[in-house]
Each structure stands twice: as C-alpha cells, then as structure tokens.
Participant: 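Quick one: this structure, given as structure tokens, is what I'll be asking you about.
None of the values given here were measured: they were computed from a predicted structure. Computed over heavy atoms, backbone and side chain alike; hydrogens, waters and symmetry mates excluded. Order of listing sets the numbers, starting from 1, for every ligand and every atom in it.
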Amino acid sequence: MIIDGKKEAEVLREEIKKEITSIKNKTNKVPGLAVILIGDFVPSQIYVRNKEKSSKEVGINSSVIKYSKDVSEDEILKKIIELNNDKNVSGILVQLPLPDQISKEKVINSIDPLKDVDGFSPTNVGNLASGYDAIVPCTPLGCLMLLKKVEKNLSGKHAVIIGRSNLNGKPIAQLLLKENCTVTITHSKTKNLKEKCLKADILIVAVGLANLVKKDWVKDGSIIIDVGINKQGDKIVGDVSFEEVKDKAKAITPVPGGVGPMTIACLLKNTLECFKKLN
Ligand code: NAP
C-alpha cells in the first residue's frame, strides 16, 4: 500500500474548510494566522507562500509580516507581543531559520502557547511529553494521522524512529508513546542501526539523507513513514529507497506526496484548534 498523503491532506483540508464555513455562518468570525517572515531565504519564502495560499483556501484569515534580514530581535519580540494580544489572531508562526542576531529560543518562548500553531513552545513540548493536551508540531501530527490510516490501533507495536530533532524525531516519539507503542529513538551516534530498523513494525525516518534506508533494513510487513526531503539532481527524494522497499513494506509514504502535504494541512488544523480554544 502506498500511503497517499496528497489525498489525505485534501480530505483534511475539506473538513477544516467545512468547519470554518459553519463557524463563520454562526459567529461571523474566522481563525486568523499571522506568519512572520524574516529575510530573503528562498525556501522560507516558498514555504510561507504555500502556507498563506492553503490558509486562504480553507477560509483562514492569513497575513504575512515581512522583515529584512537585519531586523533587530527587539522589533520581532515586540511584534510577537502585539500579535499575542490581538484578538483577531488565533495562530502565530515565525518561519525558521532566523538570522544570527535573533535568538530562536527567545522567539519561541515569547509566543503565547495558546497561539503556538507550530507546537514549539516549552509549554506545548512539556504538555506533549507529559501526555497532556498540547498543540502538536505539524509534521509529527501528519505522520501519526497517516499511520492511523493504515492501522487504527498502534498499541504494542515496536516503532523505531531515525532522527531525534525537536522538530520531528522527539515529538513523533512522544506521540507514539501516547499510542502505547514501544519506541526506540535512534540518531547519528546509534550503533547497529540496520539491526534496530529490522526489528521495527513501524519505521519513521526523519534524517535528511537520501536512500539511507535500504531494502535489507526493513522487516517484511512493516509500515514506513519517510519524513526526509532531499534534492537529487532535479528530483526530490526521501530518506528511504522507495522503489526497492515498497514491495517489502505493508505500507509506505512516497516522497513527494506523503508526509509533506500533511504538514501544511496540520498547520491549518492547529490554527482552527487554537481559534476554538480562544473563542
Ligand atoms: P535535523 O534537525 O537535521 O535532524 C536530523 C536527525 O537525523 C538528527 O537527530 C541526526 O542525529 C540524525 N542523523 C543524521 N545522520 C544520521 C545517520 N547517518 N544515521 C542516523 N541518524 C542520523 O533534521 P529535521 O529538521 O528533523 O529534518 C529531517 C528531514 O525531514 C530533512 O530532510 C527535512 O528536510 C525533512 N522535513 C520534512 C518535513 C515534511 O513536511 N515532510 C518537515 C520538516 C522536515 P544527531 O541528533 O545525532 O545529529
């Protein structure tokens, strides 16, 4: 089974659009997403443009606040406080990476946790780790939703995660623990990685190395979620050798068209959830 992330994201976006239309008809209010974009890094500009377009399509009132790359940290923190207090803003996102003069930690800490649609603030990270209600980072949430399309009950499964970033590996591990999986987190210093992967019922790969996971790393009948995005010539590929692994796995996400589309759809979902909690 090839897990069709594009289709699942479309279904999710339709659900969100329906709910926002219904809220608007009843209250004349819609969720608002404020995105701060600093500098002229081209991938960030593309991500922000896609987020803005998708937000508008589902009825979210999206605004992008742009700054030049030499903007001061103070100015950004002041803007975040203003957005925290703005009743029309339900979600705040600061596009990463940031220029050197701006502390990522200070920026993330200054966003109201109730408006933290990326789920990066210590409050949301702590709530997720404690098993409490939390805003979950978009890509990990998308991974879980795709996994659940294949298997509703993940309890007792052995999940192996390659990658331990705050963005992907760690929150994915927390989500899977909450689903009662047995979780192994691996990283660049892990010994005998192939042997560990061979024990996985669920293998999540979030590294950023093309073709890291090969056919002989994968257990028959496992579910594979490939988070990686790598440029190979003019093609985008994941971290898993898709062609050779796809017939061995029970289910696998392709790249592109797997986790990627779910990430933006989950941002819209988080924005709607924040709006509902705030109103
Ligand atoms: P990251 O912060 O660079 O983390 C990469 C992780 O992989 C680290 O934990 C690193 O280990 C580990 N690693 C590196 N080389 C390894 C190796 N040879 N064997 C095992 N582990 C290794 O990356 P990230 O932000 O999590 O992103 C990972 C990938 O996902 C990237 O390709 C990124 O573009 C992609 N991504 C996709 C989406 C999406 O929507 N699909 C969203 C975000 C990111 P150490 O901790 O020991 O360094």
Participant: Are I76 and I80 side-chain neighbours, meaning at least one heavy-atom pair lies under 4.5 Å?
Facilitator: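 With C-beta onward as the side chain, the pair touches.
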Participant: At what distance is the nearest protein heavy atom to atom 33 (C) of ligand 1, and which residue and atom is it?
Facilitator: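 Protein heavy atom with the smallest distance to atom 33 (C) of ligand 1: I229 N, 4.3 Å.
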Participant: Check each atom of ligand 1 against the heavy atoms of G163 and keep those under 4.0 Å away; list them by number with element.
Facilitator: 6 (C), 7 (O), 9 (O)
Participant: I'd like to know if E14 and K18 make a salt bridge, using a cut-off of under 4.0 Å between side-chain N and carboxylate O.
Facilitator: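 Not counted as a salt bridge, because no side-chain N and carboxylate O are separated by less than 4.0 Å.
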Participant: Could you see which bit of T139 sits under 4.0 Å from ligand 1, with heavy atoms only: side chain, backbone, both or neither?
Facilitator: side chain
Participant: Of the side chain and backbone of T263, name the one, both, or neither that has a heavy atom under 4.0 Å from an atom of ligand 1.
Facilitator: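 It is the side chain that touches ligand 1; the backbone stays farther off.
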Participant: Is there a donor-acceptor pair under 3.5 Å between the side chain of K196 and the backbone N or O of T186?
Facilitator: no
Participant: Looking only at distances, please establish whether an N/O atom of ligand 1 is found under 3.5 Å from an N/O atom of I162.
Facilitator: no
Participant: Please compare P261, S188, S165, C197 and report which has the shortest non-hydrogen distance to atom 48 (O) of ligand 1.
Facilitator: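 Selected option, by shortest heavy-atom distance: S188.
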Participant: Taking distance alone, with no angle check, do T186 and ligand 1 share an N/O pair under 3.5 Å?
Facilitator: no
Participant: Distance to 0.1 Å, residue and atom name: give those for the protein heavy atom nearest to atom 27 (O) of ligand 1.
Facilitator: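 The answer is N168 ND2, 3.4 Å.
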Participant: Relative to the heavy atoms of G228, which atoms of ligand 1 are at a distance of less than 4.0 Å?
Facilitator: 29 (C), 30 (O), 32 (O)
Participant: Using a strict cut-off of less than 4.0 Å between a Lys/Arg side-chain nitrogen and an Asp/Glu carboxylate oxygen, indicate whether K79 and E82 qualify as a salt bridge.
Facilitator: yes
Participant: Where is the nearest protein heavy atom to atom 25 (O) of ligand 1: which residue, which atom, and how far?
Facilitator: L167 CD2, 3.4 Å
Participant: Using distance alone, decide if ligand 1 has a nitrogen or oxygen within less than 3.5 Å of any nitrogen or oxygen in R164.
Facilitator: yes
Participant: As a check for students: among L209, L193, V207, identify the option with a heavy atom nearest to atom 19 (N) of ligand 1.
Facilitator: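 Residue with the shortest heavy-atom distance to the ligand atom: L193.
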Participant: Check whether more than 12 heavy atoms from other residues, nucleotides or ligands sit under 6.0 Å from atom NZ of K53, and answer yes or no.
Facilitator: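 No, NZ of K53 has 12 or fewer neighbouring heavy atoms, counting only those of other groups under 6.0 Å.
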Participant: Count the heavy atoms of every other residue, nucleotide or ligand shown that sit under 6.0 Å from CG of N85, and state whether that count exceeds 12.
Facilitator: yes
Participant: Please list the nearest protein heavy atom to atom 31 (C) of ligand 1 with its residue and the distance rounded to 0.1 Å.
Facilitator: G208 CA, 3.7 Å
Participant: Name the closest protein heavy atom to atom 36 (N) of ligand 1, giving the residue it belongs to and the distance to 0.1 Å.
Facilitator: V227 O, 3.7 Å
Participant: Heavy-atom contact under 4.0 Å between T190 and ligand 1?
Facilitator: no
Participant: Counting only heavy atoms not in E105 (residues, nucleotides, ligands), do more than 12 fall under 6.0 Å from its CD?
Facilitator: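 At most 12 heavy atoms, drawn from other residues, nucleotides or ligands, come within 6.0 Å of this atom.
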Participant: Polar-atom distance check: D239 versus ligand 1, any N or O pair below 3.5 Å?
Facilitator: no
Participant: Quick check: does any side chain N or O of D226 sit under 3.5 Å from a backbone N or O of D239, one acting as donor and the other as acceptor?
Facilitator: yes
Participant: Just do the salt bridge (charged side-chain N to carboxylate O under 4.0 Å, His left out) check on E10 and K7 with the steps written out, would you?
Facilitator: CA-CA 5 Å; E10 205 177 300; K7 191 189 94 197; over 6 Å; no
Participant: Looking at ligand 1, would A206 count as a contact under a 4.0 Å heavy-atom criterion?
Facilitator: yes
Participant: Take atom NZ of K115 as the centre, draw a 6.0 Å sphere, and report whether it contains more than 12 heavy atoms from other residues, nucleotides or ligands.
Facilitator: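 More than 12 within 6.0 Å, yes.
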Participant: I'd like to check which ligand 1 atoms, numbered from 1 as shown, lie under 4.0 Å from a non-hydrogen atom of G260.
Facilitator: 40 (O), 41 (N)
Participant: Within a reach of under 6.0 Å around OH of Y47, are more than 12 heavy atoms found that belong to other residues, nucleotides or ligands?
Facilitator: no
